[in-house]
Amino acid sequence: MENNSLNRNEKISPIKLHASQYVVALILLVLGCGLWRLQVLGSDNYRVLADQNRIRKEPVLAPRGRIFDREGRILVDNYPSVTCYLLRDQQKNGQQKNLDADLPLIASGLHITLDEIQLDIRHSNAAGVAKYEPVLLKRDITPDEQAFIAAHRDELPELQTREEQLRLYPKDGFAAHLIGYVGEISPNDLQQSRFAAYEPGQVVGKSGVEETYDAILRGTDGSRDVIVNSHGKEVGVLGQELATPGQDIKLTIDLDIQMAAEQALEGKIGAIVAMDPHTGEILAMASRPTFDPNQFLHLSHAYWQTILDNPDHPLMNKAIQAQLAPGSTFKVIMTYAGLEEGVAQNMHVNCAGGATFYGHFFACDKHHGSVDIHNALPYSCDTFYYTLADKLGIDTMARYANSVGIGVKTGIDLPDEQAGVMPSTEWKLKTQHEKWYAGETISPGIGQGAIEATPMQLARAISGIASGGVLRRPHVVLPDQLKPDFVDAVHTEFPGSGDKSVSLSAENWQIITDDMANVTGPGGTAAEAHLEGVDFAGKTGTAQVMSHDALSKTGKGHNTIPNAWFVGIAPRRNPDIVVAVLWEHGNWGNNSAKLAAQVINAYVTKQRSRAGNLVKVAESPRPAQQPPPNSPTAMSQPADDRAARANGGR
């Protein structure tokens with residue numbers, strides 16, 4: 001009784017009561033502020049986060065523009081396919097899902113190795129790709145692999161598929177170096193300013209036309225807003241933004257001429273390039289060995305290793321990248337320099353199998369006897385051109401060679417063109433810090449020594465001389481499809497000598513072109529390549545790959561066989577087509593002349609067929625002599641019909 005009486009008489013002090021009330025009020029105030037911050041101030045942010053858990057934005061990739069030849073025949077198309085991606089931000093029971101445990105099953109189902117998947121993930125992490133961005137696992141998956149993904153949808157919600165348009169290139173590496181290929185953008189690419197607008201995982205052009213014209217071929221991607229459940233499975237679509245396909249483009253390539261070049265070069269190592277000298281349009285470009293660009297859509301380690309192990313460099317476009325001594329094809333440029341300098345007209349040389357200059361004997365392949373400017377080129381007499389080189393000097397030779405593009409990029413609209421080398425006193429002082437000695441001038445006179453040129457450079461140079469001194473910038477895309485600012489951007493990205501004219505008198509022009517026509521005539525070095533009824537001219541070149549001293553030490557083998565060159569034109573003056581052939585280790589230049597004849601014949605046959613006069617080939621007259629196209633006399637004459645010119649008429 002006493003204890004109960006005491007408990008009833010105890011009272012809570014007012015101070016404690018007020019303190020408790022303040023604490024409760026403070027707690028309620030904090031909770032209220034928190035709720036207000038979450039529900040009012042942060043409502044937009046949390047609404048976005050909620051939508052991100054419910055809505056996934058998926059890109060819709062734009063189909064790349066198709067590529068056609070000059071006549072509208074398709075070269076590169078697209079085909080529908082399915083691509084598999086890995087979503088790394090998957091949740092399971094409110095926590096981040098451990099994907100490592102699923103990777104072996106994924107690898108097995110997609111028929112790829114575990115190492116490949118892990119490498120893709122590491123590359124994405126290294127590139128700083130956000131967790132919510134999918135990682136590409138495999139393109140162009142098979143129906144069986146699609147069925148595997150569908151069957152394991154609940155077990156492997158991190159696998160996502162998308163429909164895409166993939167490239168379909170010609171078979172067997174046809175025109176592969178010209179067209180190029182596409183591939184996923186690399187981390188190194190993303191560091192470059194030109195790829196500032198690109199995202200990881202996007203497909204870009206990697207070489208050839210695909211690279212140069214990627215900006216107009218790729219189009220604009222769209223997107224889909226997809227509703228997903230807690231497992232990441234798609235349950236609906238809120239909306240979509242359609243993709244804009246890339247622009248189709250027409251190349252300057254003629255499929256028929258390209259096929260002739262590819263067939264001529266089959267089984268060989270080298271390059272063939274055919275060009276219209278009037279416009280600079282590339283009619284054909286082939287390089288061997290080649291590669292299959294379709295393989296690069298899902299490049300396997302085994303295929304890539306075969307590319308790397310091939311000593312003949314299948315990825316090199318030898319038409320614009322092979323820098324080799326041009327051999328006797330350079331004698332056309334020497335003839336041009338000698339005539340314009342007034343040195344060669346009255347030169348007479350007695351060729352006794354070579355001559356001695358500065359205490360060293362320089363050999364010629366034959367005893368030609370008396371040689372002058374009219375038979376030096378058809379005979380390809382080294383002794384004559386040794387003597388001419390000694391009279392001109394290296395700097396005069398370099399000035400004329402540079403003027404027609406030797407040692408200078410042509411500016412063709414393809415990536416990684418090489419400039420070659422034209423030696424001079426300044427060049428040697430700059431590159432080797434040594435003076436030029438007179439004895440070094442002799443070998444460049446026949447296209448040996450330090451001179452290096454590409455087939456593209458030789459085609460442009462010699463066709464420019466045959467056109468009376470008018471040289472055009474080569475290009476592989478018809479420019480009327482492009483906006484002027486884009487053309488300007490391409491010219492800026494691929495600088496070169498561009499369109500230009502050089503001085504060449506009508507008399508000298510006639511001598512050079514007639515001499516080139518005699519090269520394919522009786523007694524000429526390319527007589528075996530003669531085309532009956534066709535005004536087919538050119539110049540052979542047999543370029544040593546090592547000196548006689550080195551050859552005597554190493555002995556003969558395939559890699560010591562000379563390179564065979566030929567540059568041919570038809571007709572001989574103001575030509576409609578020029579064909580340059582490089583056959584590495586092809587031995588004699590007349591071997592390459594036969595390959596060029598195949599391409600020239602395909603061109604002429606096509607032109608005559610269109611004109612309906614194919615049956616009159618043998619009756620074709622020889623062409624009349626004409627002045628250079630930029631001379632006053634030429635300007636007064638009517639335009640030529642190309643079919644008639646192909647017949648040899650004017």
Side-chain angles (χ1 to χ4, degrees), residues 324-339 341 343-394 396-398 400-401 406 422-423 437-453 458 461-462 511-512 515-516 518-520 523-527 538-552 560-567 586-593:
L324 298 168
S328 293
T329 58
F330 189 73
K331 292 174 182 175
V332 177
I333 299 171
M334 287 292 296
T335 304
Y336 161 55
L339 289 172
E341 285 294 300
V343 174
Q345 285 86 340
N346 299 316
M347 268 186 57
H348 291 81
V349 173
N350 180 39
C351 175
T356 300
F357 298 89
Y358 306 100
H360 182 78
F361 181 77
F362 292 83
C364 185
D365 66 326
K366 290 182 180 180
H367 290 64
H368 293 107
S370 179
V371 180
D372 61 18
I373 192 60
H374 299 292
N375 58 15
L377 205 61
Y379 290 168
S380 196
C381 178
D382 289 347
T383 305
F384 183 91
Y385 288 98
Y386 291 148
T387 306
L388 181 58
D390 189 43
K391 290 179 178 292
L392 291 175
I394 191 62
T396 299
M397 292 162 54
Y400 280 94
I406 303 301
M422 182 60 219
Y437 295 97
E440 297 177 278
T441 305
I442 309 304
S443 290
I446 63 167
Q448 296 279 178
I451 297 180
E452 292 182 351
L458 285 174
I462 292 180
I511 292 173
I512 296 171
D515 287 352
M516 290 176 64
N518 290 332
V519 169
T520 59
T525 56
K539 183 65 191 82
T540 55
T542 304
Q544 292 178 326
V545 295
M546 61 175 59
S547 67
H548 291 294
D549 291 340
L551 185 60
S552 64
T560 67
I561 298 174
N563 295 326
W565 287 89
F566 183 80
V567 182
N587 208 352
W588 298 103
N590 67 324
N591 293 332
S592 286

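Remember, it's a predicted structure, so these values are computed and weren't measured experimentally. Just so you know, residue 1 is the first one in the sequence shown, and it goes up from there.
- Between the OG1 atom of Thr335 and the CG atom of Leu388 there is a distance of 7.0 Å, given to the nearest 0.5 Å.
- In this structure the side chain of Phe357 reaches within 4.5 angstrom of the side chain of Thr387, judged on heavy atoms.
- When every heavy atom of Gly586 is checked against every heavy atom of Asn591, the shortest pair comes out as O-ND2, 2.8 Å.
- Taking all atoms of both residues into account, the shortest heavy-atom contact from Thr540 to Ala593 is CG2-CB, 4.4 Å.
- A side-chain donor-acceptor contact under 3.5 Å links Ser380 and Lys539.
- The heavy-atom pair separating Ala389 from Ile442 by the smallest distance is CB-O, 4.3 Å.
- Residues Ile451 and Met422 are in side-chain contact: their nearest non-hydrogen atoms beyond the backbone lie under 4.5 Å apart.
- Panel note: side chain Gln544, backbone Gln448; no donor-acceptor pair is recorded below 3.5 Å.
- Ser443 approaches Gly449 most closely through the heavy-atom pair CB-N, 4.1 Å.
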Considering only distance and modelled atom types, tabulate donor-acceptor pairs under 3.5 Å from the side chains of residues 360-379, sequence neighbours left out.
residue: His367; atom: NE2; partner: Ala352; partner atom: O; Å: 3.0
residue: Asp372; atom: OD1; partner: His374; partner atom: N; Å: 3.0
residue: Asp372; atom: OD1; partner: Asn375; partner atom: N; Å: 3.3
residue: Asn375; atom: OD1; partner: Asp372; partner atom: N; Å: 2.9

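- A side chain to side chain contact (heavy atoms under 4.5 Å, CB included) with Phe566 holds for exactly one of Asn590, Thr520, Thr525, Thr542; it is Thr520.
- Ile462 contributes atom CD1, which lies 5.5 Å from atom CE of Met516 (distance to the nearest 0.5 angstrom).
- A 4.5 Å side-chain heavy-atom check between Trp565 and Leu324 finds at least one atom pair inside the cut-off.
- Put simply, the side chain of Ile394 reaches to within 4.5 Å of the side chain of Thr441, judged on heavy atoms.
- Taken from CE in Met334 to OG1 in Thr396, the straight-line distance is 10.0 Å, to the nearest 0.5 Å.
- Heavy-atom minimum distance, Ala325 versus Gly447: CB-O, 3.5 Å.
- Under the 4.5 Å side-chain criterion, counting only non-hydrogen atoms from C-beta, Glu341 is not in contact with Lys391.
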